[in-house]
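Side chains included, hydrogens not; waters and symmetry mates left out as well; all remaining heavy atoms used. Numbering of ligands and ligand atoms starts at 1, following listing order.
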Amino acid sequence: MAESLSKPVQELLLSNHELPERYIYKGEDGANIGGGAAFPLLEVPLVDLGLLSSPSVAREEEHRKLRSGLSSCGCFQAINHGLKDEFLDEMREVAKNFFALPLEEKQKYSRTVDDMEGYGNDSVLSDHQTLDWTDRLYLVVSPEEQRKLQLWPENFRGILHEYTAKLAEMNELLLKAMAKSLELDEHSFLHQYGEGALMIARFNFYPPCPWPDRILGIKPHADGTLLTFLLQDKEVEGLQVLKDGHWYGVPIIPHALLVNAGDQLEIMSNGMFKSPVHRVVTNSERERNTLAVFCLPEREKEIGPVEELIDEKRPSTYKTVKNYVDIYFQNYQHGKRPLDAAKI
Ligand code: OGA
Ligand code: NI
């Protein structure tokens with residue numbers, strides 16, 4: 001494979017002024033990837049996390065919104081989550097500054113060919129893969145003993161630790177609330193999550209793209225997670241969700257966290273909650289920075305539909321699976337929806 005293909009997009013852009021073949025999107029929705037076209041905005045419910053732990057009737061209303069968001073569009077905007085505005089802005093600033101460093105500086109954190117962790121462009125899993133217009137810094141955060149701190153820029157260490165520790169608390173609160181919203185025991189999802197659960201931070205950087213009508217920031221996919229927490233760029237939109245066969249833009253709420261269900265939550269909830277297919281469109285004028293934190297059950301743990309959600313009217317639609325992340329990448333590589341492999 002030619003050397004230039006594995007360059008960060010940021011570098012490719014400096015040396016190449018022609019539409020790069022490996023990045024041209026050829027999917028079915030290819031005729032409709034934007035290029036400045038306006039997409040309708042998705043109606044995403046706001047869920048007040050403060051109310052989720054209150055003993056009031058207001059809590060019931062938040063449960064209802066949580067359930068409705070996850071079962072219709074597969075996501076919601078978490079507000080009143082306890083993270084200060086300034087703290088989120090600082091997290092964004094640290095990420096943005098990293099990608100603005102000279103290449104030699106960033107390359108100190110480069111991933112190796114056979115590893116996803118570290119700094120680099122879209123992982124090339126197959127020769128036929130269309131590449132995403134994005135550079136990333138990908139870091140395993142939990143279990144803590146698996147951190148490769150040599151890949152963490154020094155100024156990330158304190159803040160990323162603090163940010164993800166808060167997300168871990170939020171994740172637990174949400175898993176309990178989601179179970180309660182379905183009238184289940186509050187540990188129904190949590191106990192499948194396990195003690196050695198995995199948390200991965202992915203800093204996504206989307207450089208401006210001169211061909212926004214031909215190239216995507218991230219191809220359509222659903223996350224292989226239980227839950228994903230996304231800190232969106234404060235100003236530049238780009239994320240879109242597929243709902244009833246149409247693409248909708250996800251609105252920016254600067255200090256909210258966008259939470260979406262992943263495939264493993266769809267499996268555990270026996271399809272009550274949807275893992276939404278989503279993509280990122282590019283922008284010819286402005287760069288975009290986001291931070292996705294992926295929460296995944298312990299690798300070796302078997303996960304499957306919660307028993308109380310299976311009955312005659314609603315038979316089990318998903319198998320019990322183990323190592324879903326491996327299933328995910330095997331299928332993703334072949335352009336298949338990984339979740340189909342877990343369907344009965
Ligand atoms: C992802 C993702 C969306 C975004 O990293 O899986 O979907 O807006 N990111 O960066
Ligand atoms: Ni995603």
In terms of side-chain geometry, is the basic nitrogen of D48 or K65 positioned less than 4.0 Å from the acidic oxygen of its partner? no
So, for F98 and Y119, is the gap between ring centers shorter than 6.0 Å? yes
Just wondering, more than 12 heavy atoms not from E312 lying within 6.0 Å of its CD? no
Answer yes if the ring centres of W247 and F39 are under 6.0 angstrom apart, and no otherwise. no
Can you label the angle between the F203 ring and the F156 ring as parallel, tilted or perpendicular, going by 30° and 60°? perpendicular
Please give the N or O to N or O pairs under 3.5 Å between ligand 1 and the protein, distances rounded to 0.1 Å.
unit_1	atom_1	unit_2	atom_2	d
ligand 1	5 (O)	R202	NH2	2.9
ligand 1	5 (O)	N204	ND2	3.2
ligand 1	6 (O)	R202	NH2	3.3
ligand 1	6 (O)	H221	NE2	3.1
ligand 1	6 (O)	D223	OD1	3.3
ligand 1	7 (O)	H221	NE2	3.2
ligand 1	7 (O)	H278	NE2	3.0
ligand 1	8 (O)	R288	NH1	3.0
ligand 1	8 (O)	R288	NH2	3.0
ligand 1	10 (O)	Y206	OH	2.6
ligand 1	10 (O)	T290	OG1	2.7

Joint cluster assignment, V141 & L137, ILVMFWY side-chain distance < 4.5 Å: yes
For the pair R299 (side chain) and Y324 (backbone), establish whether a donor and an acceptor sit closer than 3.5 Å, ignoring hydrogens and angles. no
For T134 and N204, does a side-chain donor sit closer than 3.5 Å to a side-chain acceptor? no
Around the Ni ion (ligand 2), what protein N, O or S atoms are found below 2.8 Å? H221 NE2, D223 OD1, H278 NE2
Please work out whether the ring planes of Y163 and F87 are parallel, tilted or perpendicular, with thresholds of 30° and 60°. tilted
